[in-house]
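Naming convention: chains lettered A, B, ... in sequence-line order (proteins, then strands); numbering from 1 in each chain.
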Amino acid sequence: MATENIIKLAEYVDQPYTDMISGREYGESKASDLNLLDRVKKNEHFKIVIDGDVIKAINDSFIKGFFKDVFEYLRSKDAVSQLFEIEGNAYFTRLFEKNFTILDAIYNKPAKS
Amino acid sequence: MYWSDLYSNSNKDSYISSRSNYHMKKYTIHRSDDSNTRHSKKNAKNKVLRKAKLYHQSVKIIPVSKKGKFHKTSRNKVKFSLYLEKFCSQNLSVSRFSKPFHGLVSKSMVLKLNEDFSLFTNPTKVLTTLVDLLYHAKIIQASPRVIYENHVSFGAIYLLDNLSWEIAKKRKWVLQMKNFPEQELSILSNIKSFVSSTYDDDNETMINEKVVISRDNPGDNQQYKAKAKDITDMLEKAIREITKNELFQLTHEAHGAIKSTIGESFDNIHLHSEEADFGTLCGFYNKMTKEITLLIYNFGITIPESFFKADIPKEIADAIEEVIAIHTKKNYINFMFGGEFTAENALTLLAIQEGISTRIKYDESRGHGIIDFIEHCLSLNSNSKIVIISGKTAIKIDSTYPISQQNVMGRSRRIIALNKDNDIYNKPDKNFVINTGVHFNGVLIEATIPLDNVGNGN
């Protein structure tokens, strides 16, 4: 069974001053800090934990920035969902699902012959 | 509020400046004063009163040249900050007060606050008033009058307040208020748009901040995130007081809507408006109407200007040109007078569609910010109203024309075309995409979200 790496998004919140995670570049920088793409290429699995008491909102731009390179590589929502498990309340699960669907529409195109 | 410093409780329909009040006390005649002292105090007091007297019917022009001993010299003209001067100069033909010194100005400015004076209802009127205010301040000595008719729209009045503070930095500036009810005065007197401030009373709560944009580190820019938290904390507290429910918490959906509006707006300032050093953020909760208004704006590049400068992939650029051609096409009615829409209007509307961004060449996942926060606001409450103003374009969004998924420009994307078919290749409804004729040199977003059901567990 693949080892799961836990990413706690609460660590990206500057408590007690803020309770939101936002910014496309911030998402890209966090993905870069985690070497996310290299680890995805090695087929590592991840659990993204969202503590709803600490995090009140996550901007769509952060999610897109965070997963941009991953989707560019894996090309589909199904492939990403196999490597990334989202653990959080129903609102955040739907939010990630929505953004994965949008990224799937962008990157899940047949390869040009 | 700018007006709060000048408002005298003793006389609602006119006022004396606070500086004059101070001097009045200073020159009070006492029993112990001798005749010379009495005479001096009386003269000084009369001098102050003459200076403070409002000549609101006078249209005396501020002279810009004066006779020196040997030759004419120039007075300093009233000059505002760089961005406001640009706002003035780009709208010279719009203001009736910009016609200098030819007796064409018949009266000083009278501003009526009613339902029509609102960024959502009539953005053209609000923007024209702002230009008029600035030119009035430049040219006419007399002070404008502000008359309450039946309504004060927060976003519009906030902008007026902000400009008044800017004007007051450069000249003596006095606004005479008439017919204001106590409740509205309470709201106005607490807007201190010139400084970062927080206010909370029985009628409203407000947070106002000038947010500095940091470009060195993506982890910076915590300021707007902290203010976003302050705004939602303010709302929770207000709703707890109203509903007497100490355990009340805003839903994640409400947090998402409010913070998405703020976060995406500042993300766009950071990414697209490279010369902007700051943005203005104001969150206002009206406890009577149970509505939150978010106003975010910055001076700098406009949305269409950023597109004119950008390097966009050919297939998107071709599609954009096709949309512009359709939107700007003249028909037999307006052939002589120009089309209903300009290329700038079309570009601004295109910019809010999913996946249309000046950065799309480098990152296909760009161009979602604006439509994300529109979707959040409308899903929280379908009666939300949003207006986006940039350049000469104002785009109004409410539940009349919903967002829907369309297959355009190579893929499925969320579109809000503001016409009955939601077809971006058809012209939009001219009541929702408005060519204001007034150039706003920057981007302004006002979102009004009713929260009338949140206290009931919804």
Side-chain angles (χ1 to χ4, degrees), chain A residues 11-33 50-72 75 88-96 98-110 112, chain B residues 214-233 236 249-268 270-271 354-355 357 359-360 362-373 375-376 379 405 407 410-414:
Chain A
E11 291 169 5
Y12 301 162
V13 170
D14 183 15
Q15 293 181 75
Y17 305 107
T18 70
D19 58 6
M20 71 187 277
I21 304 174
S22 78
R24 172 177 286 273
E25 283 193 6
Y26 191 55
E28 289 172 3
S29 75
K30 288 300 168 193
S32 172
D33 291 347
I50 306 160
D51 181 351
D53 291 330
V54 173
I55 304 169
K56 298 297 183 186
I58 301 176
N59 261 25
D60 305 78
S61 291
F62 171 84
I63 298 173
K64 292 186 185 79
F66 189 81
F67 284 99
K68 177 183 80 83
D69 289 344
V70 168
F71 262 89
E72 244 179 351
R75 314 294 310 180
N89 64 31
Y91 170 77
F92 286 119
T93 310
R94 283 197 307 271
L95 184 69
F96 274 77
K98 183 194 91 168
N99 280 283
F100 284 1
T101 303
I102 290 167
L103 288 166
D104 183 84
I106 296 167
Y107 293 109
N108 191 2
K109 293 172 190 166
K112 291 182 184 175
Chain B
S214 167
R215 297 178 193 280
D216 297 327
N217 184 339
D220 289 342
N221 291 321
Q222 295 296 308
Q223 194 184 8
Y224 79 77
K225 297 178 190 179
K227 279 299 150 188
K229 180 177 185 299
D230 289 346
I231 287 171
T232 49
D233 286 349
E236 275 184 343
Q249 288 191 325
L250 281 173
T251 61
H252 281 105
E253 282 80 3
H255 277 280
I258 294 161
K259 285 164 173 155
S260 175
T261 307
I262 297 170
E264 299 297 348
S265 301
F266 279 96
D267 222 24
N268 278 340
H270 174 76
L271 289 172
E354 179 185 303
S357 166
R359 306 289 177 106
I360 197 106
Y362 311 103
D363 183 354
E364 281 186 285
S365 69
R366 290 286 176 108
H368 294 252
I370 298 180
I371 204 153
D372 281 335
F373 89 66
E375 202 172 53
H376 279 294
S379 66
Q405 209 74 19
N407 230 319
R411 68 168 178 86
S412 176
R413 56 182 88 220
R414 287 168 294 169

message: Going by salt bridge (charged side-chain N to carboxylate O under 4.0 Å, His left out), name the residues that satisfy it together with D372(B), two or more places apart in sequence or in a different chain.
response: K64(A), K98(A), R414(B)

statement: For R413(B), the salt bridge (charged side-chain N to carboxylate O under 4.0 Å, His left out) test, sequence neighbours excluded, returns none

- request: Examine whether an atom of I55(A) lies under 4.5 Å from a heavy atom of chain B, and if so say whether it belongs to the side chain, the backbone or both; otherwise answer neither.
  value: backbone

message: Report which part of E375(B) has an atom under 4.5 Å of a heavy atom belonging to chain A: side chain, backbone, both, or neither.
response: side chain

message: Among E28(A), K68(A), R24(A), M20(A), which residue has the highest count of heavy-atom pairs closer than 4.5 Å to chain B?
response: R24(A)

message: Under 4.5 Å from any heavy atom of chain A, what part of E354(B) do you find: side chain, backbone, both or neither?
response: side chain

message: Looking only at heavy atoms and a cut-off of under 4.5 Å, which of R411(B), H252(B), E253(B) has the most pairs with chain A?
response: H252(B)

- prompt: Does any heavy atom of chain B fall under 4.5 Å from the side chain of Y107(A), the backbone, both, or neither of them?
  reply: side chain

query: Aromatic ring centroids of F100(A) and F71(A) under 6.0 Å?
result: yes

message: Is I106(A) in contact with chain B via its backbone, its side chain, both, or neither, using a 4.5 Å heavy-atom distance?
response: both

message: Could you check whether any side-chain N or O of Y91(A) sits under 3.5 Å from a backbone N or O of T251(B), counting only pairs where one atom can act as donor and the other as acceptor?
response: no

query: What part of F92(A) is in contact with chain B, defined as an atom under 4.5 angstrom from a non-hydrogen atom: side chain, backbone, both or neither?
result: side chain

- request: Kindly indicate, with the supporting measurements, whether the criterion side-chain hydrogen bond (donor to acceptor under 3.5 Å, both in side chains) is fulfilled by S22(A) and K259(B).
  value: CA-CA 9 Å; S22(A) 78; K259(B) 285 164 173 155; over 6 Å; no

message: Determine whether H255(B) and D19(A) satisfy the following criterion, side-chain hydrogen bond (donor to acceptor under 3.5 Å, both in side chains), listing intermediate values before the conclusion.
response: CA-CA 10 Å; H255(B) 277 280; D19(A) 58 6; 4.5 Å; no

